[in-house]
2 protein chains.
Amino acid sequence: MDVNPAATRVDTRGFILQQAIPLFAEAGYSGVSMRDISRAVGMSAAALYHHFPDKQALYLAAVNHAFVDKAEGIRQALAGGGTAVARLERFVERFTELMAKDPDFRKLLHRELLDGDVTRLKLLADQVFLEPYKAVVALAKELAVDLDPYMLANSVVGLVLFCFETEPLRRHLPGRIPSHDRPATIARHASTLLVRAVAR
Amino acid sequence: MDVNPAATRVDTRGFILQQAIPLFAEAGYSGVSMRDISRAVGMSAAALYHHFPDKQALYLAAVNHAFVDKAEGIRQALAGGGTAVARLERFVERFTELMAKDPDFRKLLHRELLDGDVTRLKLLADQVFLEPYKAVVALAKELAVDLDPYMLANSVVGLVLFCFETEPLRRHLPGRIPSHDRPATIARHASTLLVRAVAR
DNA sequence: GTCTATAGCCTGATAGAC
DNA sequence: GTCTATCAGGCTATAGAC
């Protein structure tokens, strides 16, 4: 929510991260230079080194910032009561909405899955994804006792994310209509498919 | 299938592409230098410019090479008769096997979805994915008249690919057992979920 | 905390010998 | 077709003034 220009000196570090996140999301670690970031922030590249020891540390902080931010939203999407199916539908809808609203999180996640080294992925697993993952797995256990809950949990998230991921390609394939990329449509499709699969 | 060293002069261009593909798959366009490729191929960086006008062209040729190669396998996975459900199960199993056997194709695809510009993605859509996409959509139409066939086709592929994609992260999350990443397990899970969803 | 200037290395790409 | 040598420019990171 902080959109102060760097000149006001309020949380310069956070401001740098905020400007760096969309750059890294769009072009990846090696596709963004410290000069690119300095330009986006509005200060010299040398000044960045006052706030971060090196590029790697800046990138790590940016990814962490983006992920911890969104993790709260995912946690909220999992809150609330009702039947297992009702909670699934609510989670899918809210999660889809979250991913649609901020593409940076999703892109950074895909990039980390491709580029992240073991240490970084372990860190993300422990500090960001552990809690929501456990919650989705618990939900999956309720939904279908005869399906592997870990694989089902993965599929819930995957059905949503894959729609966003393939959009740039599906744009050029036949039969595509604009509604295919509306969050509500994506959520409804994923929900329908999952609910049918777990209804025995 | 060609594994001749460059020195034998048999299809040097193809040999370069073969060596470049895993590099680009692992580190992306900006993560691989012409010198990296020259080292892998066993010739000087300058020599690469005899076969390709610039790095961009080499990358494009490498991606095309990798994709056209695999498209044939996907086409075969879609061949054959039987009921719609039987063809779905066979496709999922063979497609999963294909993705497991050669991670480069999958990683390059994910990278293109993140990095590919409009022109490149249009080219890939027309020249590589159009035919198999249409076949999976046709299968989806048979499977469930009351589901959007385009979204269902996307989900079929996504359920498989997302398992591979998230493996590096799931490694560090609880409840994971080795079998979750075996192709047969992934295919069975995706098939089960899909068959249940389309069985009315 | 931010700047300018710059070190030292790596980059894509070219020239010209063989 | 491949090599060595090289260019011009971009890269990360540092030094030191303010």
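The analysis underlying the following values was restricted to heavy atoms, covering all of them including side chains, and did not include hydrogens, waters or symmetry mates. Being a predicted model, the structure only gives us computed values, none of them experimental.
- OP1 or OP2 of C:dC10 has not a single side-chain nitrogen or oxygen of B:S33 nearer than 4.0 Å.
- Nearest to the side chain of A:H51, among C:dC3, D:dC3, C:dG1, sits C:dG1.
- With rounding to whole Å, A:I37 atom CD1 is found 8 Å from D:dT12 atom P.
- When rounded to the nearest whole Å, the span between CG of A:L48 and P of C:dT2 equals 9 Å.
- Between A:S44 and the phosphate of C:dT2, there is no side-chain N or O to OP1/OP2 separation shorter than 4.0 Å.
- You'll find the side chain of B:K70 stays beyond 4.5 Å of the side chain of B:K101, heavy atoms only.
- Which of C:dT2, C:dT14, C:dA5 sits closest to the side chain of B:A46 comes down to C:dT14.
- At least one donor-acceptor pair closer than 3.5 Å links the side chain of B:T83 to the backbone N or O of B:A86.
- Residue pairs satisfying the ring-ring contact (aromatic ring centres under 6.0 Å, His included) criterion with at least one member in residues 153-174 of chain A, sequence neighbours excluded, are absent.
- Nucleotide C:dG1 holds its P atom 16 Å from the CZ atom of A:F15, rounded to whole Å.
- Residue B:D54 places its side chain closer to C:dA13 than to any other of C:dA13, C:dC3, D:dA13.
- Looking at A:R111, its side chain does come within 3.5 Å of a backbone N or O of A:A25 through a donor-acceptor pair.
- Computed from coordinates, the B:Q56 CD to C:dT11 P distance equals 17 Å when rounded to whole Å.
- Relative ring orientation between B:F129 and B:F67 is described as perpendicular, the plane-to-plane angle rising above 60° on a 0-90° scale split at 30° and 60°.
- Counting to the nearest Å, the P atom of D:dC7 and the CZ atom of B:R35 are 14 Å from each other.
- Side-chain proximity of A:Y49 to the nucleotides C:dT14, D:dT14, C:dC3 is greatest for D:dT14.
- In this structure, CE of A:M34 is placed 16 Å from C1' of C:dC9, rounded to the nearest angstrom.
- Atom NE2 in B:H50 sits about 16 Å away from atom P in C:dA15, given to the nearest Å.
- Residue A:K55 places its side chain closer to D:dT12 than to any other of C:dG12, C:dA5, D:dT12.
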